[in-house]
Amino acid sequence: MSPARPRQPARISHWLMKSEPDAFSIDDLRRKGQEAWDGVRNYQARNFMRDGMRPGDKVFFYHSNCAEPGIVGIAEVATDAYPDPSQFDPKSAYFDAASSRANPRWMLVEVKFVKKLKRTLSLKELQAQPALAGMALVRKGNRLSVMPVEKAEWDYILNLEKHSA
DNA sequence: GCCAACGTTGGC
DNA sequence: GCCAACGTTGGC
């Protein structure tokens, strides 16, 4: 008899990335088409980009630190991770003197615009969904700017768009 | 390795 | 603008 083939756990392929719309909004991404997601200076977020993301993965684009925080659009991972150039630029706000080109500390991926949602799926609305209670996003004090999203959560959230808030 | 001080995030 | 929550730094 043949042993059961060991199953790979399903690779995470859905994500959520936060951006402050005053700095870079979903409309900015639509205008530019594709953008390097620079400035991430958190190890957990970096690891998700470096180790988890692959081109073609889907991304919820989230507006943070604004009047109505929430998911506003969909993007797609366009590249594998590579060193974030801003860490080497002394004039950049994201400059990191402790990093070197030989041993770069911070990575980024590029993301491309897919679509803008018909309406903002506000944090408030997401927090009201019992089905989403397990998401890091809706937990108090969560500051992670790049995080995985389960496929079931992704589908559930997309379905919310069809309904009125 | 502990933990207080500090800086940042991000909702409100 | 406030401030709670969190991550990082650095003295010890």
Side-chain angles (χ1 to χ4, degrees), chain A residues 12 14-32 35-53 57-77 81-111 113-150 153-154 156-161 163-165:
Chain A
I12 293 162
H14 297 77
W15 307 91
L16 181 143
M17 300 172 91
K18 295 179 183 174
S19 184
E20 301 192 11
D22 288 349
F24 190 78
S25 71
I26 187 68
D27 291 325
D28 293 325
L29 183 62
R30 177 164 57 183
R31 189 177 316 114
K32 301 190 72 171
E35 182 78 355
W37 203 269
D38 65 359
V40 171
R41 296 292 180 270
N42 170 283
Y43 290 105
Q44 204 178 349
R46 177 205 65 184
N47 293 348
F48 284 135
M49 290 197 292
R50 185 189 62 190
D51 306 330
M53 287 186 177
D57 285 1
K58 297 294 189 292
V59 178
F60 280 138
F61 194 112
Y62 179 95
H63 280 173
S64 67
N65 208 3
C66 56
E68 190 184 29
I71 296 169
V72 294
I74 296 176
E76 185 179 310
V77 177
Y82 62 88
D84 180 344
S86 66
Q87 71 195 299
F88 308 125
D89 178 4
K91 292 189 293 293
S92 170
Y94 302 125
F95 177 65
D96 183 348
S99 185
S100 69
R101 290 181 187 276
N103 189 19
R105 176 178 292 181
W106 304 111
M107 308 287 279
L108 58 72
V109 296
E110 294 183 21
V111 303
F113 179 80
V114 174
K115 68 171 190 173
K116 192 170 171 177
L117 297 185
K118 294 182 186 68
R119 64 185 186 86
T120 297
L121 305 179
S122 71
L123 177 62
K124 191 174 180 182
E125 180 179 357
L126 299 173
Q127 284 172 330
Q129 311 298 323
L132 304 179
M135 290 186 77
L137 179 72
V138 303
R139 286 204 288 272
K140 187 182 178 185
N142 165 60
R143 296 167 45 183
L144 196 58
S145 65
V146 177
M147 68 184 76
V149 176
E150 297 290 339
E153 295 164 345
W154 178 275
Y156 186 93
I157 290 167
L158 271 188
N159 198 47
L160 288 176
E161 185 192 10
H163 304 85
S164 53

Could you give the [atom1]-to-[atom2] distance, from [X] to [N], as a whole number of Å?
X: A/Gln127; N: B/dG10; atom1: CD; atom2: P; value: 14 Å
X: A/Leu144; N: B/dT9; atom1: CG; atom2: P; value: 12 Å
X: A/Leu126; N: B/dG11; atom1: CG; atom2: P; value: 11 Å
X: A/Arg139; N: B/dG11; atom1: CZ; atom2: P; value: 15 Å
X: A/Glu68; N: B/dG10; atom1: CD; atom2: P; value: 17 Å
X: A/His63; N: B/dG11; atom1: NE2; atom2: C1'; value: 16 Å
X: A/Ile71; N: B/dG11; atom1: CD1; atom2: P; value: 12 Å
X: A/Arg105; N: C/dG7; atom1: CZ; atom2: P; value: 17 Å

Side chain to side chain, A/Leu126 and A/Met135, heavy atoms closer than 4.5 Å: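 No, too far: nothing below the 4.5 Å cut-off.
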For A/Arg46, is there an ion pair with A/Asp84 - N to carboxylate O distance below 4.0 angstrom?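 Here A/Asp84 does not pair with A/Arg46 in a salt bridge, since their nearest N and O are not under 4.0 Å apart.
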Would you call A/Asp96 and A/Arg105 a salt bridge, taking side-chain N to carboxylate O under 4.0 Å as the test?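 Judged by the 4.0 Å cut-off on N to carboxylate O distance, A/Asp96 and A/Arg105 do form a salt bridge.
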Residue pair A/Asp89 / A/Ser86, side-chain donor-acceptor N/O under 3.5 Å: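 The answer is no; no qualifying pair exists.
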Under-4.0 Å side-chain N/O to phosphate OP1/OP2 contact, A/Lys140 with B/dG11: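 The answer is no; no side-chain N or O of A/Lys140 sits under 4.0 Å from OP1 or OP2.
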So, is A/Tyr62 near the phosphate of B/dG11, with a side-chain N or O under 4.0 Å from OP1 or OP2?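 Yes, A/Tyr62 has a side-chain N/O under 4.0 Å of OP1/OP2 on B/dG11.
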Here's a test of your reading of the structure: between A/Asn65 and A/Arg41, which maps to the more 5' nucleotide of DNA chain C?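 Checking each residue's closest nucleotide, the 5'-ward one belongs to A/Asn65.
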